[in-house]
Amino acid sequence: MSKLLRMFLNRVFAVLFFFIELTNFSQKQKKKDSIKMNKLEEVVVSATRTVRQLSSVPMPITLISKKQIQKVGAVRLSDILTEQTGITTVTDFGGFSGVQMQGLDAEYTLILIDGVPIIGRRSGNIDLDRITINNIQQIEIVKGPSSSLYGSEALGGVINIITEKPKRETTKGSVQFLSRGGARNELDINTNILFKKKHLGVNASVNLNSSGGFDLSTETPFKTRYPHKNITGNLKLTYDFSNTLKATISNRFFSENQDAPNVKNSQKDWNTHTEVRHDISDKWKVDYTFYATKFKTKSSSNLNESVFNQVLLRPEIRSQFSFNNMVLSGGIGMNIEEVDRTDFLRKQTFNSPYVFSQLDYKPNKKMNVILGARFDNHSEYQSAISPKLSAKYTFNELVSIKGSLGYGFKAPDFRQLYFNFKNTANGYVVFGVKTLSELHHNFSKVTAFSKGLNPENSIGINVGFEIKPLKNLKIQVNAFRNDINDLIDVFDTRLNAYEKEKDEAVFGDSNAYTTAFENEFNIPISTRIFTYQNRGRVYTQGVELDVSYTLTNNLRFLGGYQYLEAKDKDEEALLELGQVFFRKTTTSPSEVLTKSDYFGLVNRSKHTANAKLFYENYQHRFSANIRGIYRSKYALFDTNSSQGIIDNFDEFVAGNIQFKLSVEKELLNILKLQFGIDNLFNERGTINKSKAAFTNNDSALLLGRTYYGRVQFNF
């Protein structure tokens, strides 16, 4: 066990002892709280697209409740996800925060709000800081391939943000003010109104967030966050025409302006989601939905202006029929997607109709089997069929096992097909495969390009068990393996396509090849030309452990750990053949790199852990919690010239531990005061070797200590 992990556990146990003593003291000095936690069975919808009890779902799923989000002082989606087992938030080279789940990149996790996707991926990432969580009911995380229900981008899993619906006659609202100090300079204001009167329900919220900018790693030449102002508005209307016919209209709007040196950035995001549910009978239900969303960014400087516009329209009909011990559900729909971007030759459109079906079968009280599949057709790439099988067997009240086997896929995106980016000043250009073929027709004769791009695909396996050795103790273990094929990667056309395919028959000779580039693209012969091709094969595998233990009526412990291996199969093959060399120092001789020296994919940690302790004093309406997050070492790129392979001799960002503390006090039923500290012990994330190798990426260093205070008025 590493020294840092031992430190992490020692601090956790020390804090655990302190909280237990605090609980005992409060119970000795005061009469035992008369209010007991009457926890209802939690339900989820994302795993099967039907309402299911969390404990009965036969696949790995995490539920984050509204109460937990409020207690930890989370503001943006990234704040709460980073504390979950098997999830790491990472920052790409564009400065966008994405989520890495079971070792898979952010582009393989589908982000949903009320079951419909958030668009606007840049470099594969959905920027999590765009998403405020001020009006949510719960967050559901489904791990493993989920394309059988959700199609493309759900290759690695799904994160679904469920917003609140008014369920009973009520009128309530709140205003929250949050200010951050220390390492940050931020103000956040929330206003929420929840209203239900007879047939009409309203959920309205507005979030205002601004920052004067801050720099969490002074070693880098740029700031972590430049000054910005944004606003998020949400409006959900529900109307019950009758007990069997109900309608919901949800609207969301986000707008942000940011000023960086010599550059002005803006982005806007809006969507509207209409859903009508008709309960034809007790056994047959039909949902009619229509979703429309638009995302736009604009970046302006003295030299140029860059614009990115994306639109998605989705009509869908779903049906659910129950009979005996089975539930049969399915749906049909179509995605109509359009992107207009500065780096494209023209506006481009995708059309992709789909159909899916799922059978939820319970042959007896102990067994549950779910079998589902989805067919996606597409105007620009090969069709995909995505099956999935899940099952759970409950031996008794103490032990149950569950497993799932599924196929996931991710379609080639607009950038990989239609990119037309030129940076001749730095000696390179990047073309999408269709743009390359269009600009130079001879490429259609080259075998490497004539096939186009296939969807990336994965076979994912999750197998685990759940045990309850004590009444208040639950332990969950999940082993997983994801094998991903046909990864789409960037490569140099000159170094690969010509030599590999021996295209003298197409271009005549090597001189004709380079001349064709110069004449057709109007660029110097020395310019490197990149495009995309299905080239990669990787896998991720590991084990996840989750523990939930209610020590007393006032004290609850949550903990998790993940061991991860994430590796490239082609890199392993090169190492086995002894074809990779490296230098331990710049002056040492070259040595052969062995397979035992292979560390894995970039920006992956083998060990991550979290521990959360929640204390609640119901009598005095006081609560407190402390959370710890551990991440072992990881590398951002190859630093010893070993053909891009991350090995044990590279430079790493050292393992690190962050602790977060939050306390809350409620006064007179109308006022809540909250104070918190993020990165309590001011962990800096030192680097094992020279810091110079990491000065171009903020993610190499951790956040400084942050203080925050929140005031919430309830009315």
Side-chain angles (χ1 to χ4, degrees), residues 45-51 109-121 126 140 142 145-155 157-163 245-252 270-280 284-295 310-321 327-339 348-360 370-388 406-414 455 457:
V45 298
S46 306
T48 62
R49 296 191 77 170
T50 59
V51 178
T109 298
L110 184 62
I111 308 293
L112 308 171
I113 295 181
D114 289 330
V116 290
I118 297 294
I119 64 172
R121 291 184 182 269
I126 292 289
E140 301 174 6
V142 183
S146 300
S147 295
S148 62
L149 288 176
Y150 295 101
S152 179
E153 298 179 5
L155 183 151
V158 170
I159 297 175
N160 192 10
I161 303 165
I162 310 295
T163 60
L245 185 62
K246 301 178 181 180
T248 302
I249 301 177
S250 301
N251 299 277
R252 177 180 178 272
W270 69 261
N271 63 60
T272 181
H273 181 206
T274 302
E275 181 175 10
V276 177
R277 162 158 284 200
H278 187 192
D279 295 344
I280 298 176
W284 186 16
K285 301 177 181 179
V286 180
D287 291 281
Y288 308 89
T289 69
F290 180 78
Y291 178 60
T293 182
K294 181 177 182 179
F295 175 78
Q310 184 178 7
V311 176
L312 171 66
L313 303 177
R314 173 186 290 179
E316 183 180 271
I317 300 175
R318 300 189 304 273
S319 181
Q320 177 182 324
F321 186 73
V327 178
L328 179 64
S329 58
I332 184 171
M334 183 171 185
N335 292 316
I336 304 168
E337 196 171 0
E338 179 181 275
V339 169
Q348 301 292 346
T349 302
F350 283 172
N351 294 315
S352 52
Y354 60 86
V355 59
F356 65 90
S357 181
Q358 177 181 264
L359 178 64
D360 189 339
I370 298 178
L371 177 63
R374 172 168 165 147
F375 173 75
D376 286 83
N377 194 9
H378 202 281
S379 59
E380 301 298 330
Y381 65 84
Q382 295 180 357
S383 302
I385 299 177
S386 309
K388 185 172 184 177
Y407 173 90
F409 80 97
K410 180 184 177 298
D413 60 33
F414 284 90
N457 59 86

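The shown structure was predicted, so the numbers you read here are calculated from the model rather than taken from an experiment.
Residues that satisfy the ring pair (Phe, Tyr, Trp, His ring centres under 6.0 Å) test with F356, not counting sequence neighbours, are absent from this structure. Residues passing the ring pair (Phe, Tyr, Trp, His ring centres under 6.0 Å) test with H378, sequence neighbours excluded: F350, Y381. In this structure F290 satisfies the ring pair (Phe, Tyr, Trp, His ring centres under 6.0 Å) test with no other residue, sequence neighbours excluded.
A 4.5 Å side-chain heavy-atom check between S329 and K285 finds every atom pair outside the cut-off. F409 is listed as a side-chain neighbour of S386, based on a closest heavy-atom distance under 4.5 Å. Looking at N377 and S352, their side chains never come closer than 4.5 Å, going by heavy atoms from C-beta outward. V286 is listed as a side-chain neighbour of I280, based on a closest heavy-atom distance under 4.5 Å. Proximity of V45 to I162: side-chain heavy atoms (C-beta onward) are separated by under 4.5 Å at one or more points.
Scanning all heavy atoms of the two residues, the minimum distance from S148 to P387 falls at CB-C, 4.3 Å. Closest approach of Q310 and V339 over heavy atoms only: CG-CG2, 3.7 Å. Shown here for L328 and S357, the closest heavy-atom pair between the two residues is CD1-OG, 3.9 Å.
When each of T293, T289, N251, I249 is checked for a side-chain contact (heavy atoms from CB on, under 4.5 Å) with H273, only T289 meets the rule.
Salt-bridge annotation for D376 and R374: present, with a side-chain N of the basic residue lying under 4.0 Å from a carboxylate O of the acidic one.
Rounding to the nearest 0.5 Å gives a distance of 10.0 Å between CG of L313 and CD of E337.
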Next item on the list: Take E140 and S46, measure what side-chain hydrogen bond (donor to acceptor under 3.5 Å, both in side chains) needs, and give me the verdict at the end.
Entry: CA-CA 7 Å; E140 301 174 6; S46 306; 2.5 Å; yes
Check: Does the salt bridge (Lys or Arg N to Asp or Glu O under 4.0 Å) test come out yes or no for R318 and E275, once each step is laid out?
Finding: CA-CA 11 Å; R318 300 189 304 273; E275 181 175 10; 3.2 Å; yes
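No donor-acceptor pair closer than 3.5 Å links the side chain of E153 to the backbone N or O of K410.
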